[in-house]
Protein chains: 2
Amino acid sequence: MADQLITLSDVATAAGVSLSTASKALNGTDRISAATREHVRVTADRLGFRHNALARSFARGRSQTIGVLTHRASNPFSRVVLATVAAELGAKEQAVLLYDARMDEQDITESVLQLRARRIDGVIVIGTGTSFPTPSLTDRFEVPVINAFTVTEDPADVTITADDVAIGRLAATHLLAGGRRRIVHLTAEPHDLAAQRRAEGAREVLAAAGLDWATPVRFGRWREEWGEEAATEVLAAVPDVDAIFCGSDAIARGAERVIRASGRRVPDDVALIGVDNWEQLMHDQRVRRHLTTIDVGLEEIGRLVADRLLEPDLEPGIQYAVPQLVIADTA
Amino acid sequence: MADQLITLSDVATAAGVSLSTASKALNGTDRISAATREHVRVTADRLGFRHNALARSFARGRSQTIGVLTHRASNPFSRVVLATVAAELGAKEQAVLLYDARMDEQDITESVLQLRARRIDGVIVIGTGTSFPTPSLTDRFEVPVINAFTVTEDPADVTITADDVAIGRLAATHLLAGGRRRIVHLTAEPHDLAAQRRAEGAREVLAAAGLDWATPVRFGRWREEWGEEAATEVLAAVPDVDAIFCGSDAIARGAERVIRASGRRVPDDVALIGVDNWEQLMHDQRVRRHLTTIDVGLEEIGRLVADRLLEPDLEPGIQYAVPQLVIADTA
DNA sequence: AAGAAAAGCGAAAGCGGTTTCGCAAATCAC
DNA sequence: GTGATTTGCGAAACCGCTTTCGCTTTTCTT
């Protein structure tokens, strides 16, 4: 294949201008007459010139690379964000350098040093969307840092994440709109932030309608097995329950099995709504929509992060993705 | 935070050696006495020196970046491979530059030019694991190219992908071992390579046992709806069918619903086995294993690709990931 | 012990751009 | 028409590291 040997000085020579003029003409920097600029451009095109991105990065001291720190890249939710971010950044000529860290202090420190050595242009920290606030890394870089799908300990950080309260509201509103009144909620660990805030949001809406949970929220784990367990309890405690809001689709999946096994119909007797929309997210139209759920907006988070990271002035604070209700068979 | 201004020449000065000596000492290249080498190392450590990766890449003409071309990064299977690859490469100090191409000729050409301009060290083409052989891109780069989860038109390319024939064999073997004899197969489009080869592999095993499909293979689409449709047909055509091998978990999901609706028990009356293992892959332990399936080894593909790409001599040919049987409730 | 080979190190030339600075020519002000 | 600006361009420094080459010193060979 044709050797990619055309250098800027080749272009300059061919165009009969100096190296610096050629550089400025192509970059549109400094003062260059329109005629010269155009002439250089045409010459460069004719020769098939492309800037050597390495030389350019070096000269400018900026790498066109974004560092990404993940906690566990194998987490399917992180993966969605990661893939979206990588694709969006690729479209902007930005590479992604991923460090899949255990996120202990030593690991982080090493990753930070390596990222700094690569003169990355920005950092994205992808969390798991749940659990505790994570330590802030913003001050350890002199480039912009955005936290995605996680909340940090420092409110002055830039964060883009799911709007768990809105998710809870959306779920409750939908169930109420469907005429449900004896509503219960099954979710994950009580200390999990996402679980808390989803419960909060839903509760808020119930309260506004003069209602409360038909039985106290069952906190457990983000797992299908917990959905089965909790649903079993709930059916015993509130036999006439008419709706269950589950903190995740996995929990809902377990709950549904138990509800059906009890002889109740879904959604006729008991409406069921989850959170995550993994049927779509993970399966890309291959599986039929079955569970009514709420899409937390992972892909939107990825897009927002990629867009905002390259903005000149990054405003601190938390920005939320807008959740979407996805109606299917169960509510 | 401390300014990362320590340059190699600072180290050289502090160590009382020349710039070139310092470079060689730290890189272990050229002939340097052990004493000097150690002294330079210690000095560098003391100063907290890190190579400027940009300068280094530039000087070496290699970018420490791997270009990745995907067809649709939103495909959940591609995403698994992508995330694995990115994590593995990150551990080797390699960044990933992702171009999510529409894969039409113009788009590809542009991506190729951009990747070349970035002096990437290698290329990974991630396919969708199915459908036709894709055009070979190997000759358009002078760096190594590996095709992942796809097959190209040129057999001399380096390819790492799923072993669809073995997948088929594994499924059939498992069903036979379970005592099943009236086995049918539902799968995707007849021109889909993965579908073909899975069917082939299974058929091979049946033939060796003196059997054939209980009814001709139903080719359709990779979708749950097709699983329902095809299963309905099959139950009518072969009422005493005792096992269904589905080309994907999505198809199996549809088939299972129909089988149960017909009053048959799974797996007592009809065993069901799928392919993909998405219950685990996409949900990371959150959902309970239900469907017996075959893991095609996406993560292994990602690891193999990342490992082999950096090998000095890349042997052409196709390497297959080893599929794993994942036994759960349905077979 | 003398010559040959090897070891250890430094000077300097890149790598391919960007960017500062200065100078000449063109334009402006009055 | 003269001086003050502005415009357009080129020379050259520089980004920080790698690598070639050559020189001096040490070690080996016989």
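Below, chain A is the first sequence line, B the second, and so on; all start at residue 1.
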Legend entry - Exam field: side chain B:Glu300 to backbone B:Val322, donor-acceptor pair closer than 3.5 Å: yes
Inset, instruction - Ignoring backbone atoms, test whether A:Thr21 places a side-chain nitrogen or oxygen under 4.0 Å from the OP1 or OP2 oxygen of D:dC9. - result: no
Inset, instruction - Please tell me which of the listed nucleotides, C:dG16, D:dC17, C:dG10, lies nearest to the side chain of B:Ser18? - result: C:dG10
Inset, instruction - Examine C:dG16: is either OP1 or OP2 under 4.0 Å from a nitrogen or oxygen in the side chain of A:Arg56? Give yes or no. - result: no
Inset, instruction - Check every atom of D:dG16, C:dG17, C:dC9 against the side chain of A:Phe49 and return the nucleotide holding the closest atom. - result: C:dG17
Legend entry - Note, A:Leu137 side chain near A:Leu69 side chain (heavy atom, < 4.5 Å): yes
Inset, instruction - Classify the side chain of B:Ser20 and the base of C:dA11 as holding, or not holding, a donor-acceptor pair under 3.5 Å. - result: yes
Inset, instruction - May I have the distance from B:Arg60 (atom CZ) to D:dC15 (atom P), rounded to whole angstrom? - result: 20 Å
Inset, instruction - Please report how far the helix from C:dA1-D:dT30 to C:dC30-D:dG1 bends, comparing the axis fitted to its first five pairs with the axis fitted to its last five, to the nearest 10 degrees. - result: 20°
Inset, instruction - Give a yes or no on whether the backbone of B:Arg119 and the side-chain of B:Ser63 come within a donor-acceptor separation of less than 3.5 Å. - result: yes
Legend entry - Polar side-chain atom of B:Asn75 near backbone of B:Phe77 as donor-acceptor pair, under 3.5 Å: yes
Inset, instruction - Measure from CG on B:Leu8 to P on D:dT19 and round the result to the nearest Å. - result: 12 Å
Inset, instruction - Ignoring the backbone of A:Thr36, work out which of D:dG8, C:dT18, C:dG14 is nearest its side chain. - result: D:dG8
Inset, instruction - Could you tell me the separation between the CG atom of B:Leu54 and the C1' atom of D:dT18, rounded to a whole number of Å? - result: 15 Å
Legend entry - Main-chain N/O of B:Thr36 paired to B:Ser33 side chain as donor or acceptor, under 3.5 Å: yes
Inset, instruction - Take atom CG of A:Leu19 and atom P of C:dG16, then tell me their distance rounded to the nearest Å. - result: 12 Å
Legend entry - Side-chain-base donor-acceptor pair under 3.5 Å for B:Lys24 and C:dG8: no
Legend entry - side-chain N/O A:Asn27 vs C:dT18 OP1/OP2, d < 4.0 Å: yes
Inset, instruction - Round to the nearest Å and state the distance from A:Arg31 atom CZ to C:dA26 atom C1'. - result: 12 Å
Inset, instruction - Kindly say whether A:Gln64 contributes a backbone atom to a donor-acceptor pair with the side chain of A:Asp121 at under 3.5 angstrom? - result: yes
Inset, instruction - Output yes when a side-chain donor or acceptor of A:Arg118 lies under 3.5 Å from a complementary backbone atom of A:Ile66, and no otherwise. - result: no
Inset, instruction - Classify the nucleic acid contact of A:Ser33 as base, sugar-phosphate or nothing, counting any heavy atom under 4.0 Å across all strands shown. - result: sugar-phosphate
Inset, instruction - Decide, applying a 5.5 Å centre-distance limit and a 30° plane-angle limit (both strict), whether B:Phe58 stacks on C:dC15. - result: yes
Legend entry - Euclidean distance, atom CG of residue A:Leu5 to atom C1' of C:dC15 [Å, nearest integer]: 13 Å
Legend entry - Length of the line joining B:Asp30:CG and C:dA7:C1', which is rounded to integer Å: 10 Å
Inset, instruction - Assign A:Ser23 to base, sugar-phosphate, or nothing according to its heavy-atom contacts below 4.0 angstrom with the strands shown. - result: base
Inset, instruction - Applying side chain to side chain donor-acceptor pair (under 3.5 Å), run through B:Thr152 and B:Asn147 and close with a yes or a no. - result: CA-CA 8 Å; B:Thr152 67; B:Asn147 300 92; 4.5 Å; no
Legend entry - A:Arg37 CZ - D:dC9 P separation (whole Å): 9 Å
